[in-house]
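Accompanying notes for the structure given below.
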Amino acid sequence: VGAWRDESSSDTAMESEKQTQVRIEPPEGLGRLEDPRLKDLAARGAAVHALAAHLATAEVMSSAIAQDGATAAWALARLSLPLRRPLAAIQQHALRPRVIAAAEARDLATLLWAHAELGLGPPALFRGLGARLALPAVLAVCNEQDIATCAWAHGKARIQNAPLMQALGQRAVCISPLSAQAASNLLWAMAEVGVLETGLARAVGDPIARDPAAIGAFTSQGAALTLWSHAVLSIPDAPLATALLAQVAKRGAKELLLSDKCQIHQYLLSLSSSEMVEDEGEAGGVLNSGVVELRRECEEAFRDNSGGVQRASDAEALVLTSLQEMGFACESGHVLDGALGYSIDVWVPSLSLCVEVDGPSHFVRIDTQGAALVESQGASSVDSPGASFVKSRGAPSVGSPGASFIKSQRAPSVENGGGPAGGANGDGQGGHGGADLALDGPSRLKRRHLEAAGLTVLSVPFWEWDALEGKGEEELR
């Protein structure tokens, strides 16, 4: 029995909706497992569990190589079986010095992908395998699938290792242009975990934008995800985004899923108003006319989605009650008028104030130790063709990949605990109690759009709110 993902609807974005089905192989396809006892589904399922348990034994793992562990993890992920003991054995095996020293890039990427696909992100595994993958000798032989898979795994597991992500991006530039799927996954991962290296993202996307065939290889779903990534990365006018927008506008909204329309709406919000005005008499005017229609449909879909029935979290309800007890007229789940269409956790109309109650799902984990390991290896400090390409386009210095992200204007330093007075500042860095957390890409983009519209945004990070339990009115104010 094998659980498999029907990726025919979108081969570009691993995050898109996928249908889970069951496929039963004929007996002749079972190879050495061919046995009369395995004719029914339950028996085959039991066999899988028995094999997984056998895999976890010391006798089996002691003679295994990195590829064996990667293959086993891949199988468990494809079967959607997050079995604790076998996975723990695979993790321990993968981090053994003799095993990790011989592991190839594909094995490393597969191990990371499998755990992320199962909803797992073991820190030691991601730290150790990421450091191995970022070694110059290993990175130099990574192909686009290795790069995209590793980046996607970090995005899915919501782990921010900025130096590793930058090293992967530089390797991608060296072997550019990437395929549509690889580029989409890499850019999405950078945006999702908040590694806002705009120059590097441009260097990855610009070569693709120059090839019409490469643009045509993007599915509508992949194009929507890549447009959203450009919005988060603050490069909505990059050549790749411009080309993909033209393609989506030409195809029309009929191919788009609801999630695609919502992503495109957020991208279009990031464009300046001048870029949305129809230019009569010019060739671009036809494109802009299509974009205006696309914008209307996507805005409507986004607003409908925001206005859907949503249950406020317990923390949101408590924040609302506290504000009301202090005399503020406020509303929970308010959908903003106009083009924005965002749903606000707690809306205080008299102050044009958006209170965002940011729970754990709004944050990614900063892998500080993993970042330090990658930096110490100098994975992206070498004078490579990719590095020179990025530098020529005004990207931040790559001499110290972690510092270029942590100290950039988009992410204040977290070396001393992040935001002022233990808070979470406007750029989403955690303070006291959240020093190892950073606001994720979707939350950053929402905040940016709200502030650009002239609204005041107040973040209430979960660790600050939890610390106020039992406090008086003055502390709540």
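This chain uses plain numbering: 1 for the first residue, then up along the sequence. Computed from a prediction, not measured in an experiment: that's the story for all the values here.
- Enclosure of atom CD in Gln369 is not indicated, since only 12 or fewer non-hydrogen atoms of other residues, nucleotides or ligands lie within 6.0 angstrom.
- When side chains are defined from C-beta on, Ile215 counts as touching Leu240, because their heavy atoms get closer than 4.5 Å.
- Legend: residues meeting salt bridge (charged side-chain N to carboxylate O under 4.0 Å, His left out) with Arg251, ordered by chain and number and at least two apart, are absent.
- Here the CG atom belonging to Asp304 is positioned 11.0 Å from the CZ atom belonging to Phe302, to the nearest 0.5 angstrom.
- Applying the salt bridge (Lys or Arg N to Asp or Glu O under 4.0 Å) rule to pairs touching residues 162-173 yields nothing, sequence neighbours excluded.
- For Ala70 against Thr110, the heavy-atom pair with the smallest separation is O-CG2, 3.5 Å.
- For the pair Tyr267 (side chain) and Ala224 (backbone), a donor-acceptor distance under 3.5 Å is absent.
- Smallest separation of non-hydrogen atoms from Ile90 and Ala72: CD1-CB, 3.9 Å.
- Remark: side-chain polar atoms of Lys446 are not paired, donor with acceptor, to backbone N or O of Ile344 under 3.5 angstrom.
- With sequence neighbours excluded, the residues that form a side chain to side chain donor-acceptor pair (under 3.5 Å) with Asp314 are Arg311.
- At a threshold of 4.5 Å between non-hydrogen side-chain atoms, the residues Leu186 and Val204 count as touching.
- Scanning for side-chain contact (heavy atoms from CB on, under 4.5 Å) contacts around Ala315 gives Ser313, Val357, Trp465, with sequence neighbours left out.
- Heavy atoms only, all atoms of each residue included: Ile366 and Ala435 are closest at CD1-O, 4.1 Å.
- Of all non-hydrogen atoms in Ser234 and Arg448, the two that sit nearest each other are OG-NH1, 3.1 Å.
- Side-chain contact between Asp367 and Leu164 is absent, with no heavy-atom pair separated by less than 4.5 Å.
- The ring-ring contact (aromatic ring centres under 6.0 Å, His included) check on His334 picks up Trp347, with sequence neighbours excluded.
- Using modelled atom types, one side-chain atom of Asn185 and one backbone atom of Gln181 make a donor-acceptor pair closer than 3.5 Å.
- Between the SG atom of Cys354 and the CZ atom of Arg447 there is a distance of 10.5 Å, given to the nearest 0.5 Å.
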### Task
Report the C-alpha separation of Val138 and Leu108 in whole Å, then their side-chain angles, then the decisive distance to 0.1 Å, and conclude whether the side chain to side chain contact (heavy atoms under 4.5 Å, CB included) test is met.
CA-CA 10 Å; Val138 178; Leu108 299 168; 4.3 Å; yes
### Verdict with supporting geometry, Ile175 and Ile147, side chain to side chain contact (heavy atoms under 4.5 Å, CB included)
CA-CA 11 Å; Ile175 60 175; Ile147 295 168; 3.8 Å; yes
### Task
Check the pair Leu373 / Asn161 against side chain to side chain contact (heavy atoms under 4.5 Å, CB included), numbers first and verdict last.
CA-CA 10 Å; Leu373 280 173; Asn161 184 333; over 6 Å; no
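- A side-chain donor-acceptor contact under 3.5 Å links Asp146 to the backbone of Asn143.
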#### Entry: Verdict with supporting geometry, Asp260 and Val248, side chain to side chain contact (heavy atoms under 4.5 Å, CB included)
CA-CA 10 Å; Asp260 303 329; Val248 173; over 6 Å; no
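- In this structure, the separation between CG on Leu168 and OG1 on Thr149 is 10.5 Å, given to the nearest 0.5 Å.
- Residue Leu120 comes nearest to Ala157 through the heavy atom pair O-CB, 4.0 Å, listed as atom of the first residue, atom of the second, then distance.
- Once rounded to the nearest 0.5 Å, the distance linking SG of Cys150 with CG of Leu112 reads 5.0 Å.
- In this structure, the side chain of Ser306 engages the main chain of Gly341 through a donor-acceptor pair within 3.5 Å.
- Applying the salt bridge (charged side-chain N to carboxylate O under 4.0 Å, His left out) criterion to Lys261, with sequence neighbours excluded, gives no partner residue.
- Side-chain atoms of Ser184 never come within 3.5 Å of backbone atoms of Ala180 as a donor-acceptor pair (strictly under, hydrogens ignored).
- Looking at residues two or more places apart in sequence or on another chain, you find a side chain to side chain donor-acceptor pair (under 3.5 Å) between Gln266 and Trp228, Tyr342.
- Contact detail for Ala167 and Leu139: the closest heavy-atom pair is O-CD2, 3.7 Å.
- Residues satisfying the side chain to side chain donor-acceptor pair (under 3.5 Å) criterion with Asp440, sequence neighbours excluded, are Arg158, Ser443.
- Side-chain atoms of Glu117 and Trp152, non-hydrogen and from C-beta on, do get closer than 4.5 Å to each other.
- Under the salt bridge (charged side-chain N to carboxylate O under 4.0 Å, His left out) criterion, Arg365 pairs with no residue at all, not counting sequence neighbours.
- Here CG of Leu187 is found 9.0 Å from CG of Leu225. Values are rounded to the nearest 0.5 Å.
- Using a distance-only test at 3.5 Å, with no hydrogens or angles considered, a donor-acceptor pair links the side chain of Gln221 to the main chain of Glu255.
- Counting heavy atoms from C-beta on, the side chains of Leu133 and Cys142 come closer than 4.5 Å.
- Among pairs with a residue in residues 86-102, those fulfilling side-chain hydrogen bond (donor to acceptor under 3.5 Å, both in side chains) read Gln91-His115, at least two apart in sequence or across chains.
- Note that CE of Met165 and CD of Gln160 are 8.5 Å apart. Values are rounded to the nearest 0.5 Å.
- With Arg132 contributing its side chain and Ala103 its backbone, the two residues share a donor-acceptor pair below 3.5 Å.
- Looking only at distances, a side-chain donor or acceptor of Asp68 sits under 3.5 Å from a matching main-chain atom of Ile65.
- Among residues two or more places apart in sequence or in another chain, the salt bridge (charged side-chain N to carboxylate O under 4.0 Å, His left out) test is passed with Glu299 by none.
- The closest side-chain heavy-atom distance from Arg202 to Thr198 is not below 4.5 Å.
- Looking at His362, its side chain never comes within 3.5 Å of a backbone N or O of Pro442 through a donor-acceptor pair.
- Counting heavy atoms from C-beta outward, Thr456 and Ser352 have side chains that stay 4.5 Å or more apart.
- The shortest distance between side-chain heavy atoms of Leu445 and Ser270 falls below 4.5 Å.
- Remark: Phe126 engages His154 in a ring-ring contact (aromatic ring centres under 6.0 Å, His included) (not counting sequence neighbours).
- Considering Glu297, Arg296, Arg303 as possible partners of Glu300, the one that fulfils the side-chain contact (heavy atoms from CB on, under 4.5 Å) test is Arg296.
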